[in-house]
Amino acid sequence: MKKIFKISTLMVSVLMLSSCSDLFDNPLIKTNPNAVGASSISQSSLLSGALLGVGKSYEDTDNRIAIMWSGQMAGSNRQHLALSQYIVSSSTFNWADYYAVVGNFKIVEQKSDEIGDTWTKGIAQVGEVMIMIKVASLWGDAPFAEAGDIVAFPTPKYEDQKTLYSELLSTLDEAIANMSAPTGSLPADADFIFDGDLDKWIAAANTMKARLYLHLQDYPNAIASAQKGIKSAEGDALMPHGGSQANDANMNWSFFVNTRAGDTNFSDPGAVMPGLMAANDFKRNAKTDESALYNHFFQVGLIVDKALDANVNDDGYFASTASQALFTFYENQLILAEALARSGSTADAITALNSVRQTLKTGYICGRTISDDNLDFGIKYDDYAAGDFPTATSLIYEIVLTKYIVSLGQFESLVDVRRLEVAQPIVKLPVTPIVSTPSGDIPGRFIIPLAEVNANPNAPAVLDQFTKLPIFQ
């Protein structure tokens, strides 16, 4: 009886396991009839959602970490005090949102191919690179060719940083070709950045190429790309905001006012940019007075010992309705100026620099004009001449300092600080560690996220934040 009982028990167990297996093979279990699939979402809706993801990625916590490490802002309390002191680990970072956006852009591209729409495909390709420029320039090695398709590539391979840059440049070339002889059309409300204006998208793509080439110290190609890039402030690629909390408000405003009030400021130690602007009472030289811009950027608050806080007022740089810069005329012209100066074309470099100063003189920055109240503090950007720069390095320093200032709140500021340590001739901004570090320097990279390390066997060995990226070694 015992033997029969044991056999019966075993048979029941096998049947139960078999039944469970069959149960979970049932398509009714594996399929959610209420799930929204890519096939049920329109091409234009997917594009709008992905572009929204781009905007979020340019205003998120990673962006704030970058601007703190670059010396543009200081952490003063709670998590951001630790982050500003370079206390991070692999669990600090998470790029899942970035790759979700990349995946959505790739679906748009696939849908575009199916209907022969190169118009929309080109915009989607540019959007894809907008995300990957951040990943490539802050993390280094990362997936790209196999990224965004978890079904086909659940563990995507990594491209080394230099290969990744090459692939991004090739993607931009393909995007420009697709938009230069477009087929198809784009609904007017699908593209809230340029309203489907392909000329503006092509110019922005060339500015993106210029940024990548500048990172690589390929100055001839940086010059050639910038000369085809954003030609005026009207061509700025900006993330628009409407001012509604938890809806379309500027995420920096939400951070400074609601979610983390008092966690950061623009005072020493750590924030070097206000000091650079305020040198000699805002007059960096006889031809420059940045008092208006200073007051547009900052206000003396009462949150943290009367620290210098972000100007979140309606007329401020961090207002709830203020647009966030993605790629701008200022960046394009300052890339052009720096690449020309490093190539020995001093006169042309000064011309490019002056084009920025002439626009700054109007009070324009990031989609809006500085208010009259702030303009009253003083604004002066007279044209420079060759005699204002006794050496090539003095010209380059003025160019990179101007870029550092007008790029407030952008992760590119950290990339520039690291890039300038190796670009020849070396012209460094005065950004130093605010705490003692193992390398005696500010961090050189972001760390590969822990979730990626655990899930993807192709992830490289985790390097700490003080290991410099390959292109900046």
Side-chain angles (χ1 to χ4, degrees), residues 35-38 40-66 93-112 120-139 142-151 153 156 164 168 171-172 175 186-187 189-196 200-201 204-205 208 211 236-242 244-255 259 322-328 367 409-412 446 449 451-452:
V36 179
S40 62
I41 304 176
S42 71
Q43 179 192 25
S44 60
S45 295
L46 273 173
L47 179 65
S48 294
L51 290 175
L52 185 64
V54 170
K56 179 178 180 294
S57 74
Y58 278 57
E59 301 176 38
D60 62 6
T61 298
D62 291 337
N63 190 67
R64 283 191 293 276
I65 293 173
F93 302 99
N94 187 344
W95 61 27
D97 286 351
Y98 303 154
Y99 280 105
V101 175
V102 168
N104 285 338
F105 278 126
K106 288 190 173 183
I107 294 172
V108 173
E109 293 164 29
Q110 293 167 3
K111 285 176 170 285
S112 298
T120 307
K121 181 177 181 178
I123 294 175
Q125 288 173 309
V126 176
E128 188 179 354
V129 178
M130 281 181 168
I131 291 287
M132 291 306 302
I133 277 181
K134 182 176 183 181
V135 174
S137 61
L138 293 178
W139 277 274
F144 180 58
E146 294 184 354
D149 187 346
I150 195 171
V151 175
F153 304 107
L164 183 51
L168 297 182
T171 300
L172 288 171
L186 185 70
D189 59 351
D191 169 19
F192 51 78
I193 294 178
F194 287 137
D195 296 324
K200 289 183 177 180
W201 275 110
M208 293 165 68
R211 180 191 284 193
D236 282 358
L238 305 172
M239 182 65 189
H241 290 291
S244 177
Q245 170 66 12
N247 185 8
D248 60 358
N250 183 294
M251 290 175 60
N252 292 300
W253 175 85
S254 297
F255 172 83
T259 60
S323 298
Q324 172 70 23
L326 304 176
F327 291 86
T328 67
Q410 300 175 42
F411 65 82
E412 182 67 5
F446 282 4
E452 173 69 10

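FYI, the numbering just counts along the sequence from 1.
Counting heavy atoms from C-beta outward, H241 and E59 have side chains that approach closer than 4.5 Å. Looking only at side-chain heavy atoms (C-beta outward), R64 and T61 come within less than 4.5 Å of each other. A 4.5 Å side-chain heavy-atom check between R211 and S137 finds every atom pair outside the cut-off. When side chains are defined from C-beta on, Y58 counts as touching V54, because their heavy atoms get closer than 4.5 Å. Contact annotation: the side chain of F144 approaches that of L168 to within less than 4.5 Å [non-hydrogen atoms, C-beta and beyond]. In this structure the side chain of D62 reaches within 4.5 angstrom of the side chain of I65, judged on heavy atoms. Counting heavy atoms from C-beta outward, D236 and K200 have side chains that stay 4.5 Å or more apart. When side chains are defined from C-beta on, Y98 does not count as touching M132, because their heavy atoms never get closer than 4.5 Å.
Taking CD of E109 as the start and CD of Q125 as the end, the distance is 5.0 Å to the nearest 0.5 Å. In this structure, the separation between OG on S112 and CD1 on I107 is 11.5 Å, given to the nearest 0.5 Å. With values rounded to the nearest 0.5 angstrom, F446 atom CZ is found 9.5 Å from F411 atom CZ. Rounding to the nearest 0.5 angstrom, the gap separating the CG atom in L326 from the CG atom in L51 is 9.5 Å. Considering CG of L52 and CG of L47, their distance stands at 11.0 Å, rounded to 0.5 Å. Atom CD1 of I123 and atom CD1 of I193 lie 9.0 Å apart (nearest 0.5 Å).
Closest non-hydrogen pair, L238 versus S323, comes out as CB-CB, 3.9 Å. Here the shortest heavy-atom pairing between G55 and M239 reads CA-SD, 3.6 Å. Listed here is the closest heavy atom pair of S48 and A190: OG-O, 2.6 Å. Nearest heavy-atom pair across L164 and A136 is CD2-CB, 3.6 Å. Smallest separation of non-hydrogen atoms from A249 and S254: CB-OG, 4.1 Å. Taking every heavy atom of both residues into account, G196 and L186 meet most closely at CA-CD2, 4.0 Å.
Cation-pi geometry between K106 and Y99 is not satisfied (NZ or CZ under 6.0 Å from the ring centre, within 45° of the ring normal).
Partners of F105 under the ring pair (Phe, Tyr, Trp, His ring centres under 6.0 Å) rule, at least two apart in sequence or in another chain, do not exist in this structure. A search for salt bridge (charged side-chain N to carboxylate O under 4.0 Å, His left out) contacts involving D191 returns nothing, not counting sequence neighbours. Listed by chain and residue number, nothing satisfies the ring pair (Phe, Tyr, Trp, His ring centres under 6.0 Å) test with W253 (two or more places apart in sequence, or in another chain).
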Q: Could you please spell out the steps behind the side-chain contact (heavy atoms from CB on, under 4.5 Å) verdict for F327 and V126?
A: CA-CA 12 Å; F327 291 86; V126 176; over 6 Å; no
(Q) Could you walk me through whether Q324 and Q410 satisfy the side-chain contact (heavy atoms from CB on, under 4.5 Å) test, starting with their C-alpha distance in whole Å, then the side-chain angles of each, then the deciding distance to 0.1 Å, before giving a yes or no? (A) CA-CA 9 Å; Q324 172 70 23; Q410 300 175 42; 4.2 Å; yes
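A donor-acceptor contact shorter than 3.5 Å is absent between the side chain of N104 and the backbone of A50.
A salt bridge links D97 with K56; the closest basic N to acidic carboxylate O contact falls under 4.0 Å.
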